[in-house]
Amino acid sequence: ILKELPAPGLTIVDHVAWSDDNRRIVYEGLAAGKDWNVYTQKSDGSSSPELVASKGRDAFPVLSPDGQLVAMRDADKGLVLIHLNQHETVGVKDSQPGEHPIRFFDQGRSLLTAEVTGKGTAITAIDLASGRRTPFRQLSTRMVVGSQNMVLTPDLKYYAYASPEYGSDLYVVDNLK
């Protein structure tokens with residue numbers, strides 16, 4: 001069953017993520033002639049988009065399992081958490097400037113993040129209460145930046161990610177006149 005969700009005034013939608021209970025989605029949306037913003041709405045189509053954050057391009061938002069908390073990358077503040085019911089924004093303790101969120105886990109108490117490094121892509125678990133960082137995986141490839149390019153099952157047993165492979169050939173042509 002294909003269902004179009006109402007998104008009045010938005011011309012492009014990108015970086016979409018679902019809550020674990022499948023009741024809400026969060027995404028970046030381009031308002032006609034304006035900036036990119038972050039929105040959330042019910043996935044059954046019963047609500048219009050609700051503004052979560054302004055100027056949210058490349059925020060890579062993700063929802064907590066219950067859909068009440070958004071983690072995203074803020075261009076000025078780094079990784080932040082937005083409590084949807086309270087409209088409160090707080091920074092993620094000990095997050096790094098180049099990280100973006102991938103998914104919540106441990107009943108929303110921890111967050112997986114990704115950061116492209118010189119060695120590939122570092123996936124790190126951050127305990128949201130303490131800020132304690134624990135390496136989760138080190139991928140040898142440089143993942144395309146963005147949470148939509150990596151998905152994990154809620155139990156964290158399986159994951160998939162996109163990694164660009166750019167094949168190229170270099171030719172030298174002799175004797176051109």
Side-chain angles (χ1 to χ4, degrees), residues 12-22 24-30 35-40 52-83 89-172:
I12 301 173
V13 171
D14 200 6
H15 303 143
V16 179
W18 293 80
S19 62
D20 284 357
D21 64 9
N22 297 323
R24 296 197 73 77
I25 60 171
V26 65
Y27 55 87
E28 296 171 21
L30 178 62
D35 288 326
W36 285 88
N37 299 312
V38 176
Y39 299 91
T40 187
V52 173
S54 298
K55 298 187 180 181
R57 185 61 177 149
D58 293 329
F60 308 108
V62 295
L63 280 165
S64 62
D66 64 2
Q68 297 303 309
L69 185 64
V70 173
M72 60 177 260
R73 186 168 69 178
D74 181 284
D76 298 322
K77 301 174 187 170
L79 282 181
V80 296
L81 301 173
I82 300 173
H83 299 269
T89 302
V90 295
V92 175
K93 293 179 186 177
D94 294 327
S95 62
Q96 303 298 311
E99 287 179 307
H100 65 273
I102 297 174
R103 83 158 9 263
F104 285 92
F105 70 103
D106 190 25
Q107 300 176 338
R109 294 187 294 257
S110 298
L111 182 68
L112 279 180
T113 66
E115 181 177 24
V116 176
T117 67
K119 297 178 182 178
T121 303
I123 310 298
T124 303
I126 301 175
D127 178 276
L128 295 175
S130 68
R132 187 180 73 246
R133 301 172 59 82
T134 307
F136 180 74
R137 296 274 187 282
Q138 176 66 44
L139 306 177
S140 60
T141 58
R142 295 181 63 141
M143 183 176 80
V144 177
V145 174
S147 58
Q148 81 285 3
N149 293 308
M150 182 170 208
V151 292
L152 286 97
T153 56
D155 61 7
L156 306 183
K157 287 184 180 180
Y158 304 99
Y159 61 93
Y161 61 93
S163 176
E165 294 294 329
Y166 300 108
S168 63
D169 295 314
L170 180 62
Y171 296 94
V172 175

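Just the heavy atoms: all of them, side chains too, but no hydrogens, waters or symmetry mates, feed the values below. This is a predicted model, so every value here is computed, not measured.
Side-chain contact check for Ile126 versus Glu99: some heavy-atom pair is nearer than 4.5 Å. Two residues are said to be in side-chain contact when any heavy atoms from C-beta on lie closer than 4.5 Å; Val38 and His15 fail this criterion. With contacts defined as side-chain heavy-atom distances shorter than 4.5 Å, the pair Lys93/Leu128 does not qualify. Side chains of Ile82 and Met72 form a contact here, defined as non-hydrogen atoms less than 4.5 Å apart. Looking at Val62 and Ile102, their side chains never come closer than 4.5 Å, going by heavy atoms from C-beta outward.
Atom-to-atom distance recorded for Ser95:OG and Glu115:CD is 10.0 Å, nearest 0.5 angstrom. The CG atom of Asp106 sits 11.5 Å away from atom CG of Leu111, with the distance rounded to the nearest 0.5 Å. A distance of 9.5 Å separates CZ of Arg137 from CD1 of Ile123, quoted to the nearest 0.5 Å.
Not counting sequence neighbours, Thr89 has no partner by the side chain to side chain donor-acceptor pair (under 3.5 Å) test. Residues that satisfy the side chain to side chain donor-acceptor pair (under 3.5 Å) test with Ser19, not counting sequence neighbours, are Asp21. For Asp94, the side chain to side chain contact (heavy atoms under 4.5 Å, CB included) partners two or more places apart in sequence, or in a different chain, are Arg133. The side chain to side chain donor-acceptor pair (under 3.5 Å) test applied to Thr40 returns Arg24, not counting sequence neighbours. Remark: Leu156 pairs with Arg103, Phe105, Leu112, Phe136, Leu152 by the side chain to side chain contact (heavy atoms under 4.5 Å, CB included) rule, at least two apart or across chains. Contacts of Asp66 classified as salt bridge (charged side-chain N to carboxylate O under 4.0 Å, His left out), with partners at least two apart in sequence or in another chain: none. Applying the side chain to side chain contact (heavy atoms under 4.5 Å, CB included) test to Asp76 and every residue at least two apart in sequence or in another chain returns Asp74. A search for side chain to side chain donor-acceptor pair (under 3.5 Å) contacts involving Asp35 returns nothing, not counting sequence neighbours.
Counting non-hydrogen atoms of neighbouring residues, nucleotides and ligands closer than 6.0 angstrom, the CZ atom of Arg109 exceeds 12 such neighbours.
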For a quick test of your reading: what N or O donor-acceptor pairs under 3.5 Å do the side chains of residues 52-61 make, sequence neighbours left out?
residue	atom	partner	partner atom	Å
Arg57	NH1	Asp14	OD2	3.0
Arg57	NH1	Glu28	OE1	3.0
Arg57	NH2	Asp14	OD2	3.1

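Residues Tyr39 and Asn37 approach most closely at OH-ND2, 3.2 Å, considering heavy atoms. Nearest approach of Ala71 to Phe104, heavy atoms of both residues: CB-CZ, 3.6 Å.
Remark: of the listed residues Thr121, Thr117, Val116, Thr117 is the sole one forming a side chain to side chain contact (heavy atoms under 4.5 Å, CB included) with Lys119.
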